[in-house]
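All remarks here apply to the structure that follows.
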Amino acid sequence: MQVMLLGLPGAGKGTQAERITQTFGIPHISTGDMFRAAIAAGTPLGLQVQSYLKSGRLVPDGVTIAVVRERLLEPDASRGFLLDGFPRTLPQAEALDALLNDLGKALDVVLYIHVPQEVLLARLTGRRVCKTCGATYHVHFQPPAVEGVCDKCQGELYQRPDDTEEAVSTRLEQYRQTEPLVRYYQERNLLRQVDGQRTIEDVWADVRGILEKIQR
Ligand code: AP5
Ligand code: MG
Ligand code: ZN
């Protein structure tokens with residue numbers, strides 16, 4: 001199963017991705033997570049991208065495409081994958097088409113998690129992420145049992161440096177480059193819109209239903 005998640009920052013891509021990976025067993029490929037891991041490890045890639053992530057601007061296409069190409073060639077991606085946060089520009093979408101074509105693969109579905117922009121600031125500024133396992137929480141909408149501690153691994157929860165009001169407004173501006181992808185995948189009959197302005201469980205019920213049908 002080859003699945004892609006599309007949606008504004010804070011739409012719930014990472015939150016649904018956790019459930020998809022757990023239920024359907026396909027690897028979660030998040031360019032944002034990969035960049036954050038590189039920054040934390042201080043690799044050359046991390047040094048190259050850190051100022052983009054901190055401010056909320058998009059990393060240049062060439063860098064991003066190279067990272068995804070390498071990741072899709074890893075053995076675990078041969079039986080399927082879940083793309084989260086990639087592609088985000090038309091050149092990235094075109095590069096992905098070419099790459100999948102070379103690999104003899106095709107996307108099964110693009111899940112477009114649709115939310116109005118007004119709900120995003122509250123979602124992003126209240127988000128907390130586990131330092132150890134990457135699980136996502138929210139201080140109001142999805143609180144952990146013990147404040148600041150991950151339910152799954154007891155790791156420490158932190159706030160992403162790009163979840164400040166200033167960086168969020170830059171990320172929303174940058175999303176203009178991603179908007180044309182809705183039409184791009186509509187034209188290819190791959191887009192399925194999901195209403196993301198409901199509870200996490202209600203969104204998940206829709207997402208799971210769509211993927212179960214594809215799997216059959
Ligand atoms: P990335 O990490 O992809 O961030 P993003 O696109 O801004 O998306 P988010 O992770 O913020 O949102 P999400 O949809 O995953 O929401 P979540 O599920 O966590 O990218 C970060 C940066 O990396 C970019 O700014 C850029 O610099 C760079 N980058 C990455 N990919 C790139 C690319 N392809 N090209 C160039 N640059 C790239 O949910 C948010 C919060 O809301 C959580 O607290 C959650 O608990 C809560 N929540 C979720 N669902 C609900 C719900 N239904 N109801 C209530 N609360 C909810
Ligand atoms: Mg995310
Ligand atoms: Zn954890």
Side-chain angles (χ1 to χ4, degrees), residues 4-20 28-39 45-46 48-68 71 82-93 95-96 111-115 119-144 148-163 167-175 177-178 181 194-207:
M4 181 193 297
L5 292 171
L6 194 61
L8 278 157
K13 302 181 294 294
T15 300
Q16 297 300 325
E18 278 177 37
R19 289 162 175 76
I20 295 171
H28 177 201
I29 301 181
S30 157
T31 38
D33 286 352
M34 288 160 82
F35 290 143
R36 280 184 289 275
I39 292 169
L45 173 68
Q48 196 181 359
V49 303
Q50 64 185 3
S51 66
Y52 292 99
L53 271 91
K54 190 157 197 293
S55 64
R57 284 172 304 137
L58 292 184
V59 171
D61 285 338
V63 177
T64 308
I65 291 165
V67 164
V68 173
R71 181 65 186 88
L82 171 63
L83 289 171
D84 163 6
F86 180 91
R88 257 179 152 92
T89 63
L90 277 176
Q92 289 181 18
L96 177 65
L111 294 173
Y112 174 42
I113 307 182
H114 184 265
V115 289
V119 309
L120 300 176
L121 188 63
R123 283 198 188 179
L124 292 170
T125 52
R127 171 164 56 189
R128 299 293 182 270
V129 183
C130 175
K131 255 186 190 159
T132 310
C133 77
T136 301
Y137 297 88
H138 190 282
V139 290
H140 304 302
F141 308 134
Q142 198 187 192
V149 181
C150 178
D151 291 345
K152 293 175 185 129
C153 77
Q154 316 307 311
E156 186 191 332
L157 303 186
Y158 79 106
Q159 195 167 12
R160 266 171 52 174
D162 61 343
D163 279 345
V168 167
S169 93
T170 304
R171 286 157 64 197
L172 295 178
E173 263 166 44
Q174 297 274 299
Y175 188 76
Q177 299 177 64
T178 308
L181 296 188
V194 174
D195 177 5
Q197 199 192 10
R198 294 170 301 154
T199 66
I200 293 172
E201 287 313 317
D202 285 351
V203 177
W204 169 232
D206 276 11
V207 167

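For ligands, and for the atoms within them, numbers begin at 1 and follow the listed sequence. Numbering starts at 1 and runs along the sequence shown.
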Just need the protein heavy atom nearest to atom 45 (C) of ligand 1, so name the residue and atom and give the distance. Thr15 OG1, 3.6 Å
Please identify which of these residues, Arg171, Arg57, Lys54, meets the salt bridge (charged side-chain N to carboxylate O under 4.0 Å, His left out) condition with Asp162. Arg171
What protein heavy atom lies closest to atom 8 (O) of ligand 1? Include the residue and the distance to one decimal. Lys13 NZ, 3.2 Å
Determine, stepwise, if the pair Ile20 / Trp204 fulfils side-chain contact (heavy atoms from CB on, under 4.5 Å). CA-CA 9 Å; Ile20 295 171; Trp204 169 232; 3.7 Å; yes
Nearest protein heavy atom to atom 37 (N) of ligand 1, by residue and atom, and its distance? Val59 N, 3.0 Å
Gly14 N/O under 3.5 Å from ligand 1 N/O: yes
Nearest atoms (heavy-atom pairs only) where Thr136 meets Gln142: O-NE2, 3.1 Å
Would a distance-only check, ignoring hydrogens and angles, find a side-chain to backbone donor-acceptor pair under 3.5 Å from Arg123 to Gly10? yes
Are Gln16 and ligand 1 in contact, using a heavy-atom cut-off of under 4.0 Å? no
Note: Leu58, heavy atoms under 4.0 Å from ligand 1, region reported as both
Minimum heavy-atom separation for Pro87 and Leu96, please, with both atom names. CD-CD2, 4.0 Å
Closer than 3.5 angstrom, by distance alone: can the side chain of Gln92 be matched with the main-chain N or O of Arg88 as a donor-acceptor pair? yes
Nearest heavy-atom pair of Leu5 and Ala17: which atoms, and what distance? CD1-CB, 3.9 Å
Looking only at protein heavy atoms, what sits closest to atom 38 (C) of ligand 1 is Phe35 CE1, 3.8 Å
Is any side-chain heavy atom of Ile29 closer than 4.5 Å to a side-chain heavy atom of Met34? yes
Whether His140 and His138 hold their rings parallel, tilted or perpendicular, with breakpoints at 30° and 60°: tilted
Does ligand 1 have any atom sitting under 4.0 Å from a heavy atom of Arg160? yes
If you compare all heavy atoms of Lys13 against all heavy atoms of Leu8, which two are closest, and at what distance to 0.1 Å? NZ-O, 3.1 Å
Counting heavy atoms under 4.0 Å, the part of Gln142 that contacts ligand 1 is side chain
If I compare all heavy atoms of Ala11 with all of Leu120, which pair ends up nearest, and what's the gap? N-CD2, 4.0 Å
Are Val149 and Pro144 close enough that some pair of their side-chain heavy atoms sits under 4.5 Å apart? no
How close do Cys150 and Tyr137 get, counting heavy atoms only, and between which atoms? SG-OH, 3.2 Å
Indicate yes or no: does an N/O atom of Gly12 lie under 3.5 Å from an N/O atom of ligand 1? yes
Top protein contact for atom 43 (C) of ligand 1, by heavy-atom distance: Thr136 CG2, 3.6 Å
Looking at side-chain heavy atoms only, is the closest gap between Val129 and Tyr158 below 4.5 Å? yes
May I ask whether Gln197 places a heavy atom under 4.0 Å from ligand 1? no
Is the backbone of Thr125 close enough, under 3.5 Å, to the side chain of Gln159 for a donor and an acceptor to pair up by distance? yes
Taking distance alone, with N or O pairs closer than 3.5 Å, would you say Asp163 contacts ligand 1? no
List ligand 1 atoms under 4.0 Å from Phe141, heavy atoms only on the residue side. 55 (C), 56 (N)
From the options Arg36, His140, Arg171, select the one whose nearest heavy atom is closest to atom 11 (O) of ligand 1. Arg171
Mind checking whether Tyr137 contacts ligand 1 via backbone (N, CA, C, O), side chain (CB onward), both or neither, at a 4.0 Å heavy-atom cut-off? backbone
Out of Thr64, Ile65, Val63, which residue meets the side chain to side chain contact (heavy atoms under 4.5 Å, CB included) rule with Asp61? Ile65
Using a 4.0 Å cut-off to any heavy atom of Leu124, which atoms of ligand 1 qualify? 11 (O)
Hey, does Pro9 come in under 3.5 Å of ligand 1, counting only N/O atoms on both sides? no
Output the list of atoms in ligand 1 that are nearer than 4.0 Å to some heavy atom of Thr64, sorted by atom number. 33 (C), 34 (N), 35 (N), 36 (C)
Would one find an N or O of Asp33, backbone or side chain, under 3.5 Å from an N or O of ligand 1? no
Ligand 1 atoms nearer than 4.0 angstrom to some heavy atom of His138 are 44 (O), 46 (O)
Heavy-atom donor-acceptor pair, Glu156 side chain to Lys131 backbone, under 3.5 Å: no
Evaluate Gly85 for polar contact with ligand 1, using N/O atom pairs at a separation under 3.5 Å. yes
Pull out every atom of ligand 1 sitting under 4.0 Å from any heavy atom of Gly196, numbered as shown with elements. 53 (N)
Protein N, O or S atoms less than 2.8 Å from the Zn ion (ligand 3), ignoring waters? Cys130 SG, Cys133 SG, Cys150 SG, Cys153 SG
Leu181 and Tyr112, any side-chain heavy atoms less than 4.5 Å apart: no
To the nearest 0.1 Å, how far is atom 31 (N) of ligand 1 from its closest protein heavy atom, and which atom is that? Thr31 OG1, 2.7 Å
Could you tell me the separation between the CG atom of Asp84 and the CG atom of Leu111, rounded to the nearest 0.5 Å? 11.0 Å
My understanding is that we take every heavy atom of each candidate and find the minimum distance to atom 41 (C) of ligand 1. Doing that for Arg57, Arg88, Arg123, which one comes out nearest? Arg123
Identify the protein heavy atom lying closest to atom 35 (N) of ligand 1, giving its residue, its atom name and the separation to 0.1 Å. Gln92 NE2, 2.9 Å
Chi angles and distances behind the side-chain contact (heavy atoms from CB on, under 4.5 Å) call for Leu45, Gln48: CA-CA 5 Å; Leu45 173 68; Gln48 196 181 359; 4.2 Å; yes
Can an N or O of Gly10 be found at a distance shorter than 3.5 Å from an N or O of ligand 1? yes
Do the side chains of Val203 and Gln197 get nearer than 4.5 Å, heavy atoms only? no
Determine, using heavy atoms of Pro87 and all atoms of ligand 1, whether some pair is separated by less than 4.0 Å. no
Please work out which of Arg128, Arg127, Arg198, Gln174 has its closest non-hydrogen atom nearest to atom 9 (P) of ligand 1. Arg127
Nearest non-hydrogen contact with atom 51 (C) of ligand 1 belongs to which option: Val68, Thr125, Ile200? Ile200
Looking at ligand 1, does Gly7 have a heavy atom less than 4.0 Å from it? no
